[in-house]
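Working notes, structure below.
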There are 2 protein chains.
Amino acid sequence: MRLTTKGRYAVTAMLDLAIHFDKGPISLAGISERQEISLSYLEQLFTKLRRKGLVKSTRGPGGGYSLSRSAYDIAIADIITAVDEKVDTTRCGGLGNCQGDERCLTHELWTSLSDQIYSFLAGISLGQLTARKEVQERAQKQTTNVQKVKPDTEQNEESGLDTTSPGA
Amino acid sequence: MRLTTKGRYAVTAMLDLAIHFDKGPISLAGISERQEISLSYLEQLFTKLRRKGLVKSTRGPGGGYSLSRSAYDIAIADIITAVDEKVDTTRCGGLGNCQGDERCLTHELWTSLSDQIYSFLAGISLGQLTARKEVQERAQKQTTNVQKVKPDTEQNEESGLDTTSPGA
DNA sequence: TAATAACTTAGTAAATTACTCGGGTAATGC
DNA sequence: GCATTACCCGAGTAATTTACTAAGTTATTA
């Protein structure tokens, strides 16, 4: 299976969306800040996620993205296949032409591994993840961290430079 | 987890070794022909496999490699970790510093996925694979195919050029 | 001592990944 | 209605990794 940072970023971003579901559309700029993912890269990922029907978008000021259905109806496998195209560990892409026209010695091994991974990721939903305690705690922390770095909305750049710095 | 053709080649080569275990040391040249893997690349892989103690080598004519222990005591996971270094799907390599010093939102998800994959591959031995019917059949075919291509041992290059060619 | 085959190191083309850049376009609020 | 916000889209690109080659050296056997 193709498991790269692309898939990881996509899942992280979708989880951010699921966590802030109650706050209306979530801007990519916000996700970018909280999860430290480049905005342009997020745009690419969300184009795919939208085309696969996992999210819907709202344009204009106050706009952003939201989940197209319940977080409990979106499996991690859905997200990864949406951005990574295929979940497959074989060389031949499951076609069985790994060695000339024939299957290679280990063809069946990789197909059953692929099945295994897919089942695992298909069995976990975004909703389940949001319910986990460590996820909630970390999400809380991320929100306050971002607020600390950007006190208001970067209107006056020197506002944070007091003598009593929050420091350590 | 890092699952590339490198790991796949290593498993295929080791399986070839396990299948021809009874024929004494197996040369990399033979594996290269049967499995269609570049000889130099095999040499690199077997350097790692030897250092990890999975195979032992015999130098000189008639030499080659053989499994260092029973094929039933070598798990697929052993082979892949030997050549790919790590079985891990996290970005941080399991260190937990995926986002600054902290863990990212999805850290635990990837660690449990990694565990899942590892367990699967640790539960399958080379010996189990050799026992499978389709593997045996395919191995048989590979041997005869190679013999057809190289009738004797390429001593006289023109020997195959008869008027009654074997053709289709 | 000549052939064989393991061993070793260095390098490299091709592919992929993870981005950036620059320009759109639709919706909203003043 | 016009500025702003934020989605939308495609092309390009630096860095990394993969898969592989080249060119040797060392050990063993006949």
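Computed over heavy atoms, backbone and side chain alike; hydrogens, waters and symmetry mates excluded. Below, chains carry the letters A, B, ... as their sequence lines are ordered, and counting in each starts from 1.
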Could you check how far [atom1] of [X] sits from [atom2] of [N], rounded to whole Å?
| X | N | atom1 | atom2 | value |
| --- | --- | --- | --- | --- |
| A:Leu39 | C:dG22 | CG | C1' | 14 Å |
| B:Leu42 | C:dA6 | CG | C1' | 13 Å |
| A:Leu45 | C:dT17 | CG | C1' | 12 Å |
| B:Tyr9 | D:dC20 | OH | C1' | 9 Å |
| B:Ile37 | D:dT21 | CD1 | P | 12 Å |
| B:Tyr41 | C:dA14 | OH | P | 17 Å |
| B:Leu49 | C:dC7 | CG | C1' | 14 Å |
| B:Lys6 | D:dT18 | NZ | C1' | 8 Å |

My understanding is that only residues two or more places apart in sequence, or in another chain, count here; which of them pass side chain to side chain donor-acceptor pair (under 3.5 Å) with [X]?
| X | answer |
| --- | --- |
| A:Ser27 | none |
| A:Glu134 | A:Arg132 |
| A:Glu108 | A:Arg103, B:Arg138 |
| B:Thr106 | A:Thr12, B:Trp110 |

Check: Within the structure shown, what part of the strands sits under 4.0 Å from A:Phe46 by heavy-atom distance: base, sugar-phosphate, or nothing?
Finding: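 Touches nothing.
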Check: Among all residues two or more places apart in sequence or in another chain, which pass the salt bridge (Lys or Arg N to Asp or Glu O under 4.0 Å) test with A:Arg50?
Finding: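 So A:Arg50 forms no salt bridge (Lys or Arg N to Asp or Glu O under 4.0 Å) with any residue.
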Item checked: Nearest-nucleotide 5' precedence on DNA chain D, B:Thr58 against A:Ala29 ->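 Its nearest nucleotide lies further toward 5', so the answer is A:Ala29.
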Scan nucleotides 9-13 of chain D against the protein and return all N/O pairs shorter than 3.5 Å with their distances rounded to 0.1 Å.
{"from": "D:dC9", "atom 1": "OP2", "to": "A:Arg50", "atom 2": "NH2", "distance (Å)": "2.9"}
{"from": "D:dC9", "atom 1": "OP2", "to": "A:Arg51", "atom 2": "NH2", "distance (Å)": "3.3"}
{"from": "D:dC9", "atom 1": "N4", "to": "A:Glu43", "atom 2": "OE1", "distance (Å)": "3.3"}

Notebook entry, point to check: What pairs meet the salt bridge (charged side-chain N to carboxylate O under 4.0 Å, His left out) rule with one or both residues in residues 122-131 of chain B, with sequence neighbours excluded?
Noted result: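 Pairs touching residues 122-131 of chain B that pass the test: none.
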Item checked: Strand-adjacent residues in residues 10-20 of chain A, judged by heavy atoms under 4.0 Å from DNA chain D ->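 Listed by number, there are none.
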Next item on the list: Quick one: list whatever passes side chain to side chain contact (heavy atoms under 4.5 Å, CB included) with B:Thr58, sequence neighbours left out.
Entry: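 Only B:Pro25 meet the side chain to side chain contact (heavy atoms under 4.5 Å, CB included) criterion with B:Thr58.
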What protein N or O atoms touch nucleotides 1-5 of chain D N or O atoms at under 3.5 angstrom, if any, and at what distances?
none

Next item on the list: Kindly point out which of C:dC7, D:dC20, C:dC19 is positioned nearest to the side chain of B:Ser57?
Entry: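 Ranking C:dC7, D:dC20, C:dC19 by closest atom to the B:Ser57 side chain puts C:dC7 first.
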Notebook entry, point to check: Any sub-3.5 Å donor-acceptor pair from A:Thr81's side-chain atoms to A:Ala77's backbone N or O?
Noted result: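 Here the side-chain-to-backbone pair exists.
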Notebook entry, point to check: Is a side-chain N or O of A:Gln136 found less than 3.5 angstrom from the main chain of A:Thr130, in a donor-acceptor match?
Noted result: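 Yes, A:Gln136 side chain to A:Thr130 backbone: donor-acceptor pair under 3.5 Å.
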Donor-acceptor contacts, no H, no angles, side chain residues 13-24 of chain B, under 3.5 Å, sequence neighbours left out:
{"from": "B:Asp16", "atom 1": "OD1", "to": "B:His20", "atom 2": "ND1", "distance (Å)": "3.3"}
{"from": "B:Asp16", "atom 1": "OD1", "to": "B:Arg34", "atom 2": "NE", "distance (Å)": "3.4"}
{"from": "B:Asp16", "atom 1": "OD1", "to": "B:Arg34", "atom 2": "NH2", "distance (Å)": "2.9"}
{"from": "B:Asp16", "atom 1": "OD2", "to": "B:Arg34", "atom 2": "NE", "distance (Å)": "2.8"}
{"from": "B:Asp16", "atom 1": "OD2", "to": "B:Gln35", "atom 2": "NE2", "distance (Å)": "2.6"}
{"from": "B:His20", "atom 1": "ND1", "to": "B:Asp16", "atom 2": "O", "distance (Å)": "2.9"}

Next item on the list: Please collect all side chain to side chain donor-acceptor pair (under 3.5 Å) contacts where either partner lies in residues 61-70 of chain B, sequence neighbours excluded, each pair once.
Entry: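 Not a single pair qualifies under side chain to side chain donor-acceptor pair (under 3.5 Å).
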